**Student:** 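Got a structure for you, written out below as structure tokens; questions coming shortly.
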Amino acid sequence: QVQLVESGGGLVQAGGSLRLSCAASGGTFSLYAMGWFRQAPGKEREYVAVINRSGGSTVYANSVKGRFTISRDNAKKTLYLQMNGLKPEDTAVYYCAAGQLATSRYSSYDYWGQGTQVTVSS
């Protein structure tokens with residue numbers, strides 16, 4: 001059983017930056033692929049970025065490619081999402097998730113954090 005806790009969300013102006021963190025406990029972090037997902041009000045949950053177990057492979061949604069960077073520190077059991085060039089359409093609750101495969105399909109992930117709110121003002 002893995003517990004995930006996100007932090008780092010907040011209110012930022014368009015063009016600004018935020019760094020989200022996801023701290024894992026209760027399991028072997030390095031055995032899990034990890035992903036960041038987000039959900040805006042009235043919209044379905046969508047994938048943002050995923051990373052494999054070692055951190056050597058990453059995939060990004062087209063909407064964030066070139067602006068966001070996913071990374072992980074297996075020694076610290078922590079997943080990160082560096083978000084630069086934020087846009088109002090990035091406003092959402094951001095969730096981290098752990099699973100067996102680094103896939104964009106959120107149904108493939110076994111464990112989820114509680115989410116952290118990111119709000120980008122124009």
Side-chain angles (χ1 to χ4, degrees):
Q1 190 82 4
V2 177
Q3 291 81 46
L4 303 171
V5 178
E6 302 96 335
S7 61
L11 173 64
V12 64
Q13 289 187 334
S17 299
L18 282 175
R19 188 194 196 200
L20 304 184
S21 298
C22 171
S25 62
T28 304
F29 181 70
S30 60
L31 294 181
Y32 293 93
M34 300 295 296
W36 284 102
F37 294 78
R38 67 187 182 186
Q39 188 165 18
K43 295 187 177 181
E44 292 190 355
R45 189 169 299 191
E46 64 174 357
Y47 107 98
V48 174
V50 298
I51 188 167
N52 70 345
R53 298 171 184 177
S54 69
S57 177
T58 58
V59 182
Y60 296 90
N62 288 335
S63 58
V64 307
K65 198 173 296 182
R67 299 187 297 124
F68 291 10
T69 302
I70 187 172
S71 62
R72 65 189 295 165
D73 186 331
N74 286 344
K76 294 183 178 180
K77 297 185 178 181
T78 304
L79 174 74
Y80 303 99
L81 184 68
Q82 178 66 45
M83 305 186 293
N84 299 327
L86 283 161
K87 304 175 181 179
E89 51 263 45
D90 294 319
T91 295
V93 177
Y94 283 70
Y95 300 89
C96 64
Q100 297 303 309
L101 295 175
T103 172
S104 61
R105 295 175 56 190
Y106 67 80
S107 60
S108 297
Y109 289 81
D110 302 309
Y111 304 102
W112 291 83
Q114 82 290 348
T116 185
Q117 176 71 46
V118 172
T119 303
V120 184
S121 63
S122 57

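Everything numeric here is computed off the predicted structure, so don't read it as measured data. Each residue takes its place number in the sequence, starting with 1. Basis for what follows: all heavy atoms, side chains included, without hydrogens, waters or symmetry-related copies.
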**Student:** Identify the two heavy atoms, one from A14 and one from S122, that lie closest to each other, and give their separation to 0.1 Å.
**Tutor:**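 Minimum heavy-atom separation between A14 and S122: CB-CA, 4.4 Å.
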**Student:** For the backbone of Q100 and the side chain of R53, can you confirm whether one donor and one acceptor N or O come within less than 3.5 Å of each other?
**Tutor:** yes
**Student:** Taking Q114 for the side chain and V5 for the main chain, is one N or O donor matched with an acceptor at less than 3.5 Å?
**Tutor:** no
**Student:** What's in the same ILVMFWY side-chain cluster as L4, cut-off under 4.5 Å, chained through other members?
**Tutor:**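 Hydrophobic cluster check, L4: joined to V2, V12, L18, L20, F29, L31, Y32, M34, W36, V48, I51, Y60, V64, F68, I70, L79, L81, M83, L86, Y94, Y111, V118, V120.
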**Student:** Could you list the residues that satisfy side chain to side chain contact (heavy atoms under 4.5 Å, CB included) with V59, not counting sequence neighbours?
**Tutor:**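 In terms of side chain to side chain contact (heavy atoms under 4.5 Å, CB included), with neighbours along the sequence ignored, V59 is linked to Y47, V50.
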**Student:** Applying disulfide (SG to SG under 2.5 Å) as the test, list every pair that has at least one member in residues 28-57; sequence neighbours left out.
**Tutor:**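 Qualifying pairs, neighbours excluded: none.
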**Student:** Can you name the residues that form a side-chain hydrogen bond (donor to acceptor under 3.5 Å, both in side chains) with D110, not counting sequence neighbours?
**Tutor:**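 Checked D110 against side-chain hydrogen bond (donor to acceptor under 3.5 Å, both in side chains); zero matches.
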**Student:** Any pair with a residue in residues 7-33 that passes salt bridge (charged side-chain N to carboxylate O under 4.0 Å, His left out), sequence neighbours left out, goes on the list, sorted by first then second residue, please.
**Tutor:** none
**Student:** Only pairs at least two apart or in different chains count here, so list each disulfide (SG to SG under 2.5 Å) that has a residue in residues 36-69.
**Tutor:** none
**Student:** How long is the straight-line distance from CZ of R45 back to OH of Y109, given to the nearest 0.5 Å?
**Tutor:** 12.5 Å
**Student:** Listing request: all disulfide (SG to SG under 2.5 Å) pairs with a residue in residues 19-116, at least two apart in sequence or in separate chains.
**Tutor:** C22-C96
**Student:** Checking Q3 now: which residues fulfil side-chain hydrogen bond (donor to acceptor under 3.5 Å, both in side chains) with it, not counting sequence neighbours?
**Tutor:** none
**Student:** For S17 versus G85, what's the shortest heavy-atom pair and its separation?
**Tutor:**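 Nearest heavy atoms, S17 then G85: OG-N, 4.4 Å.
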**Student:** For K65, which residues count as a side-chain hydrogen bond (donor to acceptor under 3.5 Å, both in side chains) partner, sequence neighbours excluded?
**Tutor:**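 With neighbours one apart ignored, the set is N62.
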**Student:** Once rounded to the nearest 0.5 Å, what's the spacing between atom CH2 of W112 and atom CZ of F37?
**Tutor:**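 W112 atom CH2 to F37 atom CZ measures 4.5 Å (nearest 0.5 Å).
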**Student:** Please assess T91 against Q117 for the test side-chain contact (heavy atoms from CB on, under 4.5 Å), listing each intermediate value before the final yes or no.
**Tutor:** CA-CA 8 Å; T91 295; Q117 176 71 46; 4.0 Å; yes
**Student:** With sequence neighbours excluded, what pairs up with T103 under the side-chain hydrogen bond (donor to acceptor under 3.5 Å, both in side chains) test?
**Tutor:**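 T103 satisfies side-chain hydrogen bond (donor to acceptor under 3.5 Å, both in side chains) with no residue once adjacent residues are dropped.
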**Student:** Could you tell me whether the side chain of N52 and the main chain of S57 form a donor-acceptor pair under 3.5 Å?
**Tutor:**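 Looks like yes, one N/O pair under 3.5 Å.
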**Student:** Sort and list the pairs that fulfil salt bridge (charged side-chain N to carboxylate O under 4.0 Å, His left out) and have at least one residue in residues 66-90, not counting sequence neighbours.
**Tutor:** R38-D90, R67-D90
**Student:** Scan for disulfide (SG to SG under 2.5 Å) pairs involving residues 29-92, sequence neighbours excluded, and state none if there are none.
**Tutor:**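 Those involving residues 29-92 do not exist here.
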